[in-house]
Structures are given as C-alpha cells and as structure tokens.
Amino acid sequence: MAPKVLVVLTSVSVIESADNKPTGWFLPEFVHPYNVLVEKGAEVVTASPKGGAAPLDPNSVAGYGKEPGAAEFLETKKALWEQTGAIRTFLGRADEFAALFFPGGHGPMFDLVGDDDSIALVAEFVGAGKPVAALCHGTVAFTDVVLPGGRHMLTGCEVTGLSNDEEEAIGMAKHMPFLVEDRIKEAGGIYRKADEPFASFVVVDDHGRLITGQNPASSKAVGEALAKAIGL
C-alpha cells in the first residue's frame, strides 16, 4: 500500500490589510513536493481549516505556472485543492498517514496560526513519531504547537521559513500580522537561512522528523527530504 501524506492548505483567499489582495497557497510549494512524492510512490490527501475549496494564489500561477510539471498539475489535479477535507475530520487518524506537510503562501499567516484543529493535528503527528514538514510561510503552523509536558515543539530545533529580509523584499512585511522568522525565534526555534535571499535552503532536525524549507526555491528539495523521511 502506498504511504499517504496529508497536505494542509490554507482557506484564506484575500489579505484585507492589502486592499483585499488575492492570496492562498503558493503553487510551486505544493506542486513540486507533490510531484516528487507521487513519482516515488506516495499518495497525497489534502485538508484545510474550512474544508472544500482551498484558494490558490493567482499571483503564484502567473509567476510559476510554466515551471516543469506545473501546467499539467493545474489542469489535471484540481480536485486536490477544490475538494479538501476539513482539518477536524483528520484528527485521531495520524496512524493512517506517513507524514504531514504544510505548503506556504501568505494565507497560512492568517488561518493556520492559532488554529486549534491544526495545532492538535501537528501535535498528534509529532506524538506518533511521524515526520512533519513545512515550507516558507507554512512553517508558522508549528509555532503554536505545545507538546505534552509543556515543551514547545520547536524548542532547540533548527528551523527555517521565509526570512524577514525576503518578506521585506517582496513588499509584504507591512501587511503581515507578524514575520515568520520572528515567530520561529519566539517559539524557541533556532532560525537558519540561506546565505543569499531566495536561494534554496532546507533544514532537517529532530532525527529527520522535522523538515522545513525557506522559500519557493526550496520546494523540490523539501519534497525530496520528506520522501526520504518516509522511506521512499
């Protein structure tokens, strides 16, 4: 039986503080890990806070829609993001999956932080010893997770996500409720980043069970690290 990876997407479609700028999950941060995992034999199941359609950031389609594998993904895999299950329906089911993965996009900054269902889901996978992975803004899904005994899951772990410099460079820092890099540090994580902004950078910690990528350029490498973590 193919190992299953649960992928959690955002349900947020606009950034109100940026004149309702369209947002959502970021295309390369799902498509490239997806293609790596599926090509190696994994099955992907999708969830989101609200369930149903999870908005795809149209700006990511414009910028990355012609990358290898993206056009076919957009044309043939729409059910993955148009028919997600609500996160709450996956609670208590970690034993059905090999790993958990959170792609980024600005949406997670508004609905995955502080979401009780998402926090419970991550804690369940961590408690079961299953690999958990996140990319770019998706790393914020780990920043509020406290494990049994009161230890924050990021305490003392090396972690990455979009850097403050990168958020400033794309002009979105002023529209965010906080910055990913700052939030990781506040949660006790040891923040790491590439030598150059927007370069591919992946960190693996917690004996291979905590995988984080810095930015969209890290997408394929995160997929490869996650595949390795589940034995593919």
Side-chain angles (χ1 to χ4, degrees), residues 5-16 18 20-38 42 44-67 69-87 89-90 99-115 117-119 121-122 132-143 160-162 166-167 170 172 175-177 180 183 198 202 211-223 226:
V5 176
L6 182 58
V7 177
V8 180
L9 304 172
T10 180
S11 293
V12 171
S13 61
V14 297
I15 301 174
E16 294 180 2
N20 289 323
K21 175 183 173 70
T23 190
W25 55 271
F26 213 65
L27 178 63
E29 298 178 23
F30 185 14
V31 64
H32 296 314
Y34 172 87
N35 285 336
V36 168
L37 290 165
V38 170
V44 171
V45 177
T46 52
S48 65
K50 294 181 178 179
L56 167 57
D57 187 332
N59 297 298
S60 70
V61 177
Y64 297 88
K66 294 183 179 180
E67 288 190 346
E72 181 181 359
F73 181 85
L74 287 168
E75 183 177 345
T76 65
K77 305 299 180 183
K78 290 182 179 179
L80 285 169
W81 64 92
E82 292 184 348
Q83 301 174 25
T84 69
I87 293 174
T89 66
F90 292 97
L100 178 65
F101 172 50
F102 291 82
H106 284 107
M109 300 287 283
F110 299 93
D111 68 347
L112 290 178
V113 173
D115 181 85
D117 291 335
S118 179
I119 291 169
L121 185 71
V122 175
V132 296
L135 185 52
C136 199
H137 294 90
T139 304
V140 299
F142 300 153
T143 59
T160 192
L162 196 74
E166 289 168 325
E167 195 76 89
I170 61 177
M172 291 302 294
H175 298 297
M176 295 296 103
V180 178
R183 191 81 169 200
F198 304 108
V202 175
I211 301 162
T212 50
Q214 184 175 331
N215 48 38
S218 313
S219 299
K220 184 177 181 181
V222 166
L226 185 53

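Residues: numbered from 1 along the sequence shown. Below, all heavy atoms of this structure are taken into account, side chains as well, without hydrogens, waters or symmetry copies.
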Note to self: Test your reading of the model: is there a side-chain donor-acceptor pair from S11 to the backbone of K50, 3.5 Å cut-off?
What the structure shows: yes

Next item on the list: Could you tell me whether a side-chain N or O of T84 sits under 3.5 Å from a main-chain N or O of V8, the two making a donor and an acceptor?
Entry: no

What is the distance from atom [atom1] of [X] to atom [atom2] of [Y], rounded to the nearest 0.5 Å?
X: F26; Y: L135; atom1: CZ; atom2: CG; result: 10.0 Å
X: L56; Y: F30; atom1: CG; atom2: CZ; result: 10.5 Å
X: I15; Y: H175; atom1: CD1; atom2: NE2; result: 7.5 Å
X: F90; Y: T46; atom1: CZ; atom2: OG1; result: 7.0 Å
X: I119; Y: T143; atom1: CD1; atom2: OG1; result: 8.0 Å
X: I211; Y: L226; atom1: CD1; atom2: CG; result: 5.0 Å

Next item on the list: Scan for side chain to side chain donor-acceptor pair (under 3.5 Å) pairs involving residues 22-37, sequence neighbours excluded, and state none if there are none.
Entry: H32-E67

Any idea which heavy atoms bring [X] and [Y] closest together, and the distance?
X: A70; Y: V31; value: CA-CG2, 4.0 Å
X: P22; Y: D57; value: O-OD1, 3.9 Å
X: L6; Y: A47; value: CD1-CB, 4.1 Å
X: P28; Y: P216; value: CG-CB, 4.1 Å
X: V61; Y: L27; value: CA-CD2, 4.0 Å
X: S219; Y: P33; value: O-CG, 3.3 Å

Notebook entry, point to check: What do the steps show when you test F198 against Q214 for side-chain contact (heavy atoms from CB on, under 4.5 Å), and what is the final call?
Noted result: CA-CA 8 Å; F198 304 108; Q214 184 175 331; over 6 Å; no

Next item on the list: Quick one: list whatever passes side chain to side chain donor-acceptor pair (under 3.5 Å) with S218, sequence neighbours left out.
Entry: N215

Next item on the list: Not counting sequence neighbours, which residues clear side chain to side chain donor-acceptor pair (under 3.5 Å) with T10? List them please.
Entry: D111

Notebook entry, point to check: Are side-chain heavy atoms of P103 and L9 found at a separation under 4.5 Å?
Noted result: yes

Check: Is it the case that more than 12 heavy atoms not belonging to E82 sit under 6.0 Å from its CD atom?
Finding: yes

Note to self: Apply side-chain contact (heavy atoms from CB on, under 4.5 Å) to residues V122 and F102 and explain how you reach the verdict.
What the structure shows: CA-CA 10 Å; V122 175; F102 291 82; 3.6 Å; yes

Next item on the list: List the steps, then state whether side-chain contact (heavy atoms from CB on, under 4.5 Å) holds for F73 with V38.
Entry: CA-CA 12 Å; F73 181 85; V38 170; over 6 Å; no

Item checked: Ring geometry between H106 and H137 (parallel below 30°, tilted from 30 to 60°, perpendicular above 60°) -> tilted

